[in-house]
Amino acid sequence: MKRKKLLKRMGSIFLACMMIFSITGCSKNDGEQKPDKEEKTSAASEMETTADTDGREMIGNVYLEGLPLCKETETITILVNSSADPNEMELFKRFEEETNVKINWLAYSGDVATEKKNLMYSSGEYPDMVCGWLLNDTDIMRYGANEGIYIPLEDLIAQYAPRIQDCLDKFPEGRDTVTTPDGHIYTVPIMAPQPVTENVVLINKAWLEAVDMEMPATVDELYDVLVAFRDKDPNGNSQADEIPFSTQSLGLRHMLAWFGLGDSTDQHIAVKDSNLVFVPETENYYEAVKFLNKLFREGLLDQELFTHSDDQFKAKGKEEEPVYGLFIDWSGPGVVGQERFEEEYTALPPLASSMSPEPVWPQGPTSVFKDQCAITKNAANPMLILRWLDYIYDEDNSVQIMKGPYGELIERNDDGSFSALEPPAGENMDSYRNKISITGMPYCIMPEIQNKLPLSAFEQVKQDADDVYAAYITKEPIPAYWLTPEESSEISTVQTDLDKYVKDTFASWVSGQSNIEEEWDAYKEQLKILGLDKYMDVMTSAVFRNKSN
């Protein structure tokens, strides 16, 4: 009886809050459409915890426990970035059948998805949720903490999402990472142990043997190897078609670590000697860019580096004759194919240089991706949404969001163990997984479960590279941090201007369109004019806000 009264009271409180925050559907948010506060409070007070004919407790149409989640079918609209149609994914078809919740997917790929998100902000027409790899810290702090477009979730999680609550409490630094400076939680994250590296440098060991050279250990030795790859026909086809070193332009940010500081974040920051530094104004960066320009000028670096697309970069790697001597990627098989990779490539350990006698490499991705899913104020039933998100946090569902549905790339055996399955012929694991699941949706894989999951051949490559790089990972990683709404507002334009200027000058200097030695002093002065000092003051405060004294 006490439980029923408590649930009734909780339901009334929740619905009162919910109705204050929400507007039914995806209608445009304007003052005339907001119901009177007293009217909403009165309506909420009439909502009670009831029992269905099977004894299951409900608030309105939503069951408080078990499946399905609601008695009558309800629809949730989700904006998500996905290159495949979620409506065709068997995993999400099953989710709909089990929960009785239909998802209206607003699914777009790449830049189109970002454009749709930005249009949403400007138009005021919001779906129930925004999920996947679409949101960032600025979105959450500006449109959540500051403008109230995304609603706080911590109370709803505590009441209606026991799995999410448990993961936040038990996953290392889970709750601390997603809690914003105002004390709220606006997002449901991905939580899963990650590789120790992001991108790594991969070298053609067959070509090393062909040119009779050892694995390079310094940037000067690498230069000699690349010259040999260019001049000695290591693929043996009597054509000068070798590309000694290729990647995408952003991939080069990682190899700047050969000179002591990898510029591996969109904020262009790193920690050095316990201080935050702006990597593109350091002498390390200056020397790295000069080295890259030397490689580009001598035809050792892909001449299409700044113009080829991701698809074109990978297509060159899969040509009939191998053309890449060195490239940078997450693991490798996605660029040159699984068979060629296993036969010809291996991880190149981080290199030393005059600027960095002790090799170092940037930290890998965080194990808590905090910006994965947020609920907007237009959501008609946040309680149902939290119950649905809690459902996909179930262990089996989480494994299948990450790996794909059982029977495709992974199988769960009768004894609870897992077996890896290979993708269909002509597919690699990464691209095929994106066709059968939305891997950017929230899920939770606790470390003890991760340790039980098998590695496919594709994933084993990443693990092998991690093993090589683990000893070189920086001892000064950037801690998890949030900008406050005020901080985000203060540097939003400055950050955009700095990022564009840095990327434009980097491309111009590396490709030889302009000269870093001639422009370096003026470049640093322009960084100041664009607001670098203010930017670094704010970023330093945010990054070290929770640093122990």
Side-chain angles (χ1 to χ4, degrees), residues 199 201-204 207-208 210-211 213 215-235 239-264 268 279-310 312-313 316-317 319 322-329 335 348 350-356 359 500-524 526-527:
N199 288 344
V201 186
L202 302 152
I203 190 167
N204 194 319
W207 283 17
L208 277 177
V211 299
M213 298 185 78
M215 184 75 72
T218 69
V219 293
D220 292 333
E221 291 176 5
L222 175 67
Y223 170 79
D224 293 336
V225 166
L226 295 178
V227 170
F229 284 174
R230 181 193 63 191
D231 297 341
K232 294 187 176 181
D233 190 29
N235 66 7
Q239 299 179 34
D241 57 352
E242 289 84 0
I243 301 175
F245 184 5
S246 184
T247 183
Q248 298 167 294
S249 58
L250 290 181
L252 290 180
R253 299 192 310 181
H254 291 77
M255 57 68 49
L256 298 179
W258 294 341
F259 294 83
L261 285 172
D263 181 24
S264 59
H268 303 291
V279 175
E281 71 160 349
T282 63
E283 289 302 308
N284 308 74
Y285 183 85
Y286 175 80
E287 293 297 330
V289 171
K290 286 203 304 180
F291 178 73
L292 288 173
N293 170 248
K294 177 183 178 181
L295 299 186
F296 192 94
R297 190 173 63 247
E298 298 186 19
L300 305 177
L301 192 58
D302 196 331
Q303 301 296 288
E304 297 178 327
L305 173 71
F306 297 105
T307 58
H308 62 198
S309 67
D310 180 61
Q312 290 168 333
F313 165 61
K316 285 188 288 186
E319 289 179 1
V323 297
Y324 287 158
L326 196 79
F327 67 93
I328 301 175
D329 188 54
V335 177
L348 171 70
L351 303 178
S353 69
S354 60
M355 298 295 293
S356 181
K500 183 178 187 305
Y501 183 57
V502 166
K503 289 176 179 176
D504 288 348
T505 52
F506 178 80
S508 180
W509 288 335
V510 171
S511 63
Q513 296 179 31
S514 59
N515 189 310
I516 188 173
E517 294 179 270
E518 296 174 357
E519 298 180 353
W520 182 246
D521 290 339
Y523 162 80
K524 289 197 294 183
Q526 182 62 23
L527 290 176

**Test log, rule salt bridge (charged side-chain N to carboxylate O under 4.0 Å, His left out), inputs E242 and K232** = CA-CA 9 Å; E242 289 84 0; K232 294 187 176 181; over 6 Å; no
In residues 280-290, what donor-acceptor pairs under 3.5 Å come from side-chain atoms, sequence neighbours left out?
from : atom 1 : to   : atom 2 : distance (Å)
T282 : OG1    : V279 : O      : 2.7
T282 : OG1    : Y285 : N      : 3.2
N284 : ND2    : F259 : O      : 2.7

List the atom pairs, donor and acceptor, that lie under 3.5 Å between side-chain atoms in residues 219-230 and the rest of the protein, sequence neighbours left out.
from : atom 1 : to   : atom 2 : distance (Å)
E221 : OE1    : A217 : N      : 2.7
Y223 : OH     : E298 : OE1    : 2.5
Y223 : OH     : E298 : OE2    : 3.4
R230 : NH1    : E298 : O      : 2.7

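Note on ring orientation: taking the six-membered ring where Trp is involved, the planes of F327 and F313 are perpendicular (angle over 60°, cut-offs 30° and 60°).
The shortest side-chain heavy-atom distance between N235 and D233 falls under the 4.5 Å cut-off. Residues L348 and L326 meet the side-chain proximity criterion, which asks for heavy atoms closer than 4.5 Å. Within the 4.5 Å cutoff, the side chain of Q526 has no heavy atoms near those of the Y523 side chain.
With hydrogens and angles ignored, the 3.5 Å screen pairs a side-chain donor or acceptor of N293 with a backbone N or O of V510. Between the side chain of N199 and the backbone N or O of G251, no donor-acceptor pair lies under 3.5 Å.
Take D504 and apply the salt bridge (Lys or Arg N to Asp or Glu O under 4.0 Å) test, not counting sequence neighbours, and it matches K500. Among residues two or more places apart in sequence or in another chain, the side chain to side chain contact (heavy atoms under 4.5 Å, CB included) test is passed with S514 by S508, W509, E519. Annotation: side chain to side chain contact (heavy atoms under 4.5 Å, CB included) contacts of E518 (sequence neighbours excluded): N515. By the side-chain hydrogen bond (donor to acceptor under 3.5 Å, both in side chains) test, Y501 pairs with no residue at all, sequence neighbours left out.
One distance of note links CG of L252 with OG of S246; it measures 9.0 Å at 0.5 Å rounding.
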